[in-house]
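These notes concern the structure reproduced below.
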Amino acid sequence: NMHGGICFNSKAFGVAEYLEKRNIKDFHLVGYDHLDRNTEMLRKGWIDFLIAQHPWKQGYGCIQILTEYIVLKKQVKHQNYVPIELISAENVDFYNRTY
């Protein structure tokens with residue numbers, strides 16, 4: 001009786017392929033990461049949304065904070081918020097994954 005779910009890793013395409021093979025159309029799926037296989041299933045309609053996390057931007061921010069703390073001896077914030085974006089079938093072709 002479930003009609004929706006979220007996959008908290010980059011393997012949402014696996015769940016989507018399961019839904020596709022069994023032609024289960026009344027299930028809504030949200031996944032992480034703008035990978036090619038996830039994007040393909042998003043375009044086909046088996047994934048409703050993908051959450052883009054910008055791993056390159058997050059990694060760059062971590063190195064920047066470490067440099068400020070270790071080299072420049074600055075105090076750093078304990079929480080550093082980063083943006084996420086929702087990608088849908090309507091905007092996937094306009095999304096730029098190289099931030």
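- Here the side chain of Asn9 pairs a donor or acceptor atom with the backbone of Lys11 at under 3.5 angstrom.
- Counting heavy-atom neighbours within 6.0 Å of Phe27 CZ, excluding the residue itself, gives a total above 12.
- Within the 3.5 Å criterion, the main-chain N or O of Asp26 finds a donor-acceptor partner in the side chain of His3.
- Counting only heavy atoms from C-beta outward, the side chains of Leu50 and Leu86 never approach each other to under 4.5 Å.
- If you chain together hydrophobic residues whose side chains sit under 4.5 Å apart, Val15 and Ile6 never meet in one group.
- Taking 4.5 Å as the limit, every side-chain heavy atom of Asp36 sits out of range of all side-chain heavy atoms of Phe13.
- Using a 4.5 Å heavy-atom cutoff, the side chains of His34 and Glu85 are not in contact.
- Under a hydrophobic clustering in which Ile, Leu, Val, Met, Phe, Trp and Tyr are joined whenever their side-chain heavy atoms come within less than 4.5 Å, directly or via other members, Leu19 and Val30 fall into different clusters.
- Taken from CG in Leu35 to CD in Glu40, the straight-line distance is 12.0 Å, to the nearest 0.5 Å.
- Closest approach of Ala12 to Ile47, counting heavy atoms only: CB-CD1, 3.9 Å.
- A donor-acceptor pair is defined here as one N or O able to donate and one able to accept, closer than 3.5 Å; such a pair exists between the side chain of Asn38 and the backbone of Tyr32.
- Under a hydrophobic-cluster definition in which Ile, Leu, Val, Met, Phe, Trp and Tyr are linked whenever side-chain heavy atoms come within less than 4.5 Å, directly or via other members, Met41 and Tyr95 are assigned to the same cluster.
- Note: Leu42 CG to Ser88 OG = 7.0 Å, rounded to the nearest 0.5 Å.
- Here the closest heavy-atom approach between residue Val92 and residue Arg43 is recorded as CG1-NE, 3.8 Å.
- Atoms OG1 and CG, on Thr39 and Asp33 in that order, are 9.5 Å from each other to the nearest 0.5 Å.
- Closest approach of Lys73 and Ile70 over heavy atoms only: NZ-O, 3.0 Å.
- Taking hydrophobic clusters as Ile, Leu, Val, Met, Phe, Trp and Tyr residues chained together by side-chain heavy-atom distances below 4.5 Å, Tyr60 does not share a cluster with Val76.
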- Query: Which is it for Glu17 and Lys21 under the salt bridge (Lys or Arg N to Asp or Glu O under 4.0 Å) test, yes or no, and what are the steps along the way?
  - Reply: CA-CA 6 Å; Glu17 288 169 356; Lys21 286 178 185 172; 5.4 Å; no

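- Both Met2 and Ile24 belong to a common hydrophobic cluster when Ile, Leu, Val, Met, Phe, Trp and Tyr are linked at side-chain heavy-atom distances under 4.5 angstrom.
- In terms of heavy-atom proximity, Ile87 sits nearest to Ala52 at CD1-CB, 3.7 Å.
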